[in-house]
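FYI, side chains are in, hydrogens and waters are out, and symmetry mates aren't considered; it's all heavy atoms of this structure. To find a chain, count down the sequence lines: A is the first, B the second, and so on, and within it residues start at 1.
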Number of protein chains: 2
Amino acid sequence: MELNERKMKILQAIVRNYLETGEPVGSRTISKYTDLNLSSATIRNEMADLEEMGYIVQPHTSAGRIPTDLGYRIYVDTMMQEKEREVEELKGTLLEKEERLDQLLKQTAKLLATNTNYASMVSAPSIHQNKLKLIQLSRVNDEQLLAVIVIEGNVIKNTLLNVSEKINEETVLKLNILLNTHLTGLSIEEINLKLISSLKAQAGIHSDIVSDVIDAVAKAIHEEDDLEIYTSGTNNIFKYPELADSSAASELIGAFEEKQALNELVVRTLAESEETGIQVYIGNESPVSTMKDCSIVTATYDLGEGMKGTIGIIGPKRMDYEKVVDNLKDVMRQLDSIYKK
Amino acid sequence: MELNERKMKILQAIVRNYLETGEPVGSRTISKYTDLNLSSATIRNEMADLEEMGYIVQPHTSAGRIPTDLGYRIYVDTMMQEKEREVEELKGTLLEKEERLDQLLKQTAKLLATNTNYASMVSAPSIHQNKLKLIQLSRVNDEQLLAVIVIEGNVIKNTLLNVSEKINEETVLKLNILLNTHLTGLSIEEINLKLISSLKAQAGIHSDIVSDVIDAVAKAIHEEDDLEIYTSGTNNIFKYPELADSSAASELIGAFEEKQALNELVVRTLAESEETGIQVYIGNESPVSTMKDCSIVTATYDLGEGMKGTIGIIGPKRMDYEKVVDNLKDVMRQLDSIYKK
DNA sequence: TGTTAGCACTCATTACTTTCGAGTGCTAAC
DNA sequence: GTTAGCACTCGAAAGTAATGAGTGCTAACA
């Protein structure tokens with residue numbers, strides 16, 4: 001059977017209507033509210049076909065139809081129209097430049113959640129492949145040394161090192177020079193064992209400190225691995241009855257809190273993001289099993305210097321996909337304009 | 001009317017029973033399961049008295065009684081028995097030493113939540129009254145200067161400063177010495193305008209940088225003001241039907257996400273913590289209006305050097321107060337032993 | 001051949017009634 | 001002061017009936 005234009009129109013009408021009301025939609029509704037001028041009986045015949053083809057289902061006999069995951073998919077892929085939203089409306093919700101990236105991302109998550117009425121997540125950019133920009137040791141007191149590590153993209157990490165031998169300013173200076181001349185500009189992978197032992201040899205009696213510093217560098221990178229994820233509007237899920245019953249809600253909220261699941265989502269999105277800017281996961285397509293009854297729309301942002309992160313909106317399957325996509329695009333534009341100055 | 005011993009025993013039995021079952025408890029139950037050897041009729045008479053005195057209520061005629069906030073309060077204040085819990089059991093759940101305080105606190109929150117089956121929160125210590133330990137400027141490149149600020153308690157902040165004039169290593173060294181000799185050891189309040197202008201004068205053409213650094217110091221402190229709060233086990237509230245219905249749950253979860261309310265809780269706890277180690281807020285006693293139907297048990301931990309923070313457990317009013325208090329005490333002991341080495 | 005009117009049928013939802021039993025308050029007797 | 005007994009209350013659960021939205025199917029129509 002072929003999905004001809006009339007069937008498309010009917011399917012589209014069903015999805016639209018269901019997105020709005022959340023109620024199964026019947027043949028009579030479609031017949032009245034479309035410009036097809038067909039009687040409900042005809043619509044019924046077509047709907048029977050659409051059901052056979054797998055685009056819609058009846059929750060029970062004698063109920064209207066609701067879209068299947070496949071139905072949503074067709075809708076999202078081919079029928080969604082770009083809403084021409086007034087730029088005015090979005091102007092009021094501009095992100096403000098923040099000097100702290102984490103604040104900006106928190107703000108982004110919140111903005112998206114309040115704008116869309118769904119739950120949102122924003123992952124901090126991962127900086128995997130970046131290069132060391134500066135290492136700076138400072139003497140805090142006789143026993144403590146502060147190591148500051150700056151990575152390309154201006155990510156800064158610091159660690160306090162406890163040293164056994166007393167150490168004077170001059171030694172610190174020497175170590176600084178030693179470390180910076182040899183390590184600056186290198187990526188994490190380029191710091192190998194050979195380089196490390198060479199450095200240790202040059203440091204002489206202070207080789208312990210070199211070890212510690214390199215450990216700290218390794219750890220600084222590693223820390224970034226279990227990446228930060230900001231969420232907002234988690235409680236928006238209670239606005240949608242299909243997600244609000246306590247077992248479903250509990251699972252979802254658990255997933256949001258644990259962040260393990262979200263992490264998976266981020267990884268998957270980043271992996272697939274080469275092709276398309278925005279990805280839509282509907283129901284079972286989701287990388288995360290606890291979100292079987294949700295749809296997830298994700299986007300990848302790029303702050304330059306290899307700093308890429310993921311933004312996602314999680315809501316019911318009957319979410320307003322147009323609005324969500326629009327919002328994501330807008331936020332990405334804003335992030336761009338803030339960082340690519 | 002006097003709350004004599006028999007009434008106490010009966011009240012205690014009612015509370016205990018209700019904590020376990022969550023069902024209103026009737027006279028017959030009490031008569032059977034206490035060693036008072038009284039008939040249900042007698043118990044009924046006493047219960048009528050207890051109701052008149054405001055310790056218990058009937059949710060409706062012909063139902064058993066449940067404790068009022070006042071009833072819980074009496075129970076918590078005078079009838080709760082210190083459970084002798086086996087130390088063994090808790091050993092398995094020891095906190096591990098982490099070099100990053102935030103990780104440790106996250107872990108603490110999680111531990112508490114899983115152990116108690118309630119929601120938990122842990123606030124990062126506020127460092128209000130602390131002293132500057134070290135300022136360290138480093139040249140990143142021609143335009144950028146890295147300022148690292150270490151505050152007592154080893155809290156480290158860093159900022160990147162953009163400088164207009166090119167600056168060489170020597171100048172950086174001089175500025176470092178200037179700033180450290182004058183600022184180290186001072187508390188935030190002691191850095192006044194007079195001192196600042198004196199420093200600027202000594203810095204000569206680089207007075208801009210001094211300004212920037214001092215701004216950064218101020219901001220570092222300010223950032224700490226909107227303090228970090230870690231939560232865990234939020235979805236545990238779904239385990240208690242009285243909190244699980246969607247409107248109540250939504251409010252609670254919103255409060256947990258926003259953290260504004262939790263912040264209030266922290267402030268209040270810290271303010272009142274002088275007197276007692278552990279505080280219990282029952283129902284309407286709560287500082288946070290969204291938690292009217294909850295009980296909150298909080299404790300203040302002290303890592304030394306003025307670093308104080310709050311730990312809290314939030315659950316239904318019929319929470320297992322003994323268990324919660326035990327758990328909090330244990331966690332505080334563990335935090336102590338980790339940090340007071 | 002595609003479209004439509006009409007009709008019997010299904011089934012979730014809602015409201016109403018009944019039954020059941022846990023628990024009470026009160027009275028009278030011990 | 002304590003207890004047995006009894007009438008009474010009222011929520012929860014179960015059963016029943018009415019409602020109506022929506023379907024599939026058939027037969028007639030253009």
- What is the distance, rounded to the nearest whole Å, between atom CD1 of I66(A) and atom P of dG22(D)? 14 Å
- Donor-acceptor pair, side chain of S246(B) and main chain of F238(A), under 3.5 angstrom: no
- Query: S27(B) near the nucleic acid: base, sugar-phosphate alone, or nothing, with a heavy-atom cut-off under 4.0 Å?
  - Reply: sugar-phosphate
- Message: On DNA chain D, compare the nucleotides closest to E46(B) and R28(A); which residue's is nearer the 5' end?
- Response: E46(B)
- Message: Could you tell me how far apart K7(B) (NZ) and dG1(D) (C1') are, to the nearest whole angstrom?
- Response: 12 Å
- Taken to the nearest whole Å, CG/N37(B) to P/dA4(D) is 12 Å
- Query: For R65(A) and dG24(D), is the shortest distance between a side-chain N/O and OP1 or OP2 below 4.0 Å?
  - Reply: yes
Could you pull out the protein-nucleic contacts involving nucleotides 26-30 of chain D (nitrogen or oxygen on both sides, under 3.5 Å)?
none

- Message: Rounded to whole Å, please give me the gap between CG in L36(A) and P in dT3(C).
- Response: 11 Å
- Provide the Watson-Crick or G-U wobble partner of dA28(C), both distances under 3.5 Å; none if there is no partner. dT3(D)
- The side chain of L38(B) lies closest to which of these nucleotides: dT3(D), dT3(C), dT24(C)? dT3(D)
- Task: Would you kindly give the CG-to-P distance between D49(B) and dT24(C), to the nearest whole Å?
- Result: 14 Å
- Task: Please state whether the phosphate of dG2(C), meaning OP1 or OP2, lies under 4.0 angstrom from any side-chain nitrogen or oxygen of R44(A).
- Result: no
- Now, which nucleotide makes the Watson-Crick or G-U wobble pair with dG2(C), with each of the two distances under 3.5 Å? dC29(D)
- Could you state the atom-to-atom distance from CE of M47(B) to P of dC26(C) in whole Å? 15 Å
- side-chain N/O T42(B) vs dG1(D) OP1/OP2, d < 4.0 Å: no
- Message: Let's see if you can work this out: which of dT3(D), dT4(C), dT24(C) has an atom nearest to the side-chain heavy atoms of S39(B)?
- Response: dT3(D)
- Note on the structure: From NZ of K32(A) across to C1' of dA21(D) the rounded distance in Å is 11 Å
- Query: Salt-bridged, E272(B) to R268(B), with N to O below 4.0 Å?
  - Reply: yes
- Short side-chain donor-acceptor distance under 3.5 Å, T42(A) and S39(A): yes
- Query: Is Y321(B) reaching over with its side chain to a backbone N or O of K317(B), donor-acceptor style, under 3.5 angstrom?
  - Reply: yes
- What's the verdict on side chain to side chain contact (heavy atoms under 4.5 Å, CB included) for R16(A) and V25(A), showing C-alpha distance, side-chain angles and the deciding distance? CA-CA 10 Å; R16(A) 285 260 167 78; V25(A) 5; over 6 Å; no
Identify all pairs in which a protein N or O lies below 3.5 Å from an N or O of nucleotides 8-13 of chain D, and state each distance.
{"unit_1": "dT9(D)", "atom_1": "O2", "unit_2": "S62(B)", "atom_2": "OG", "d": "2.9"}
{"unit_1": "dC10(D)", "atom_1": "OP1", "unit_2": "T61(B)", "atom_2": "OG1", "d": "3.3"}
{"unit_1": "dC10(D)", "atom_1": "O4'", "unit_2": "S62(B)", "atom_2": "OG", "d": "3.3"}

- Message: So, applying side-chain contact (heavy atoms from CB on, under 4.5 Å) with L262(B), which one of I229(B), V288(B), V267(B), T310(B) is it?
- Response: I229(B)
- Query: Within the distance-only criterion (no hydrogens, no angle test), does the side chain of N327(B) pair as donor or acceptor with the backbone N or O of N115(B) below 3.5 angstrom?
  - Reply: no
- Measure from the side-chain N and O atoms of T298(A) to the backbone N and O of G312(A), and report whether any donor-acceptor pair falls under 3.5 Å. no
- Kindly say whether Y75(A) contributes a backbone atom to a donor-acceptor pair with the side chain of T78(A) at under 3.5 angstrom? no
- Item | I30(B) CD1 to dT2(D) P, straight-line distance once rounded to whole Å | 16 Å
- Query: Is it true that a side-chain atom of Y55(A) and a backbone atom of M8(A) form a donor plus acceptor pair closer than 3.5 Å?
  - Reply: no
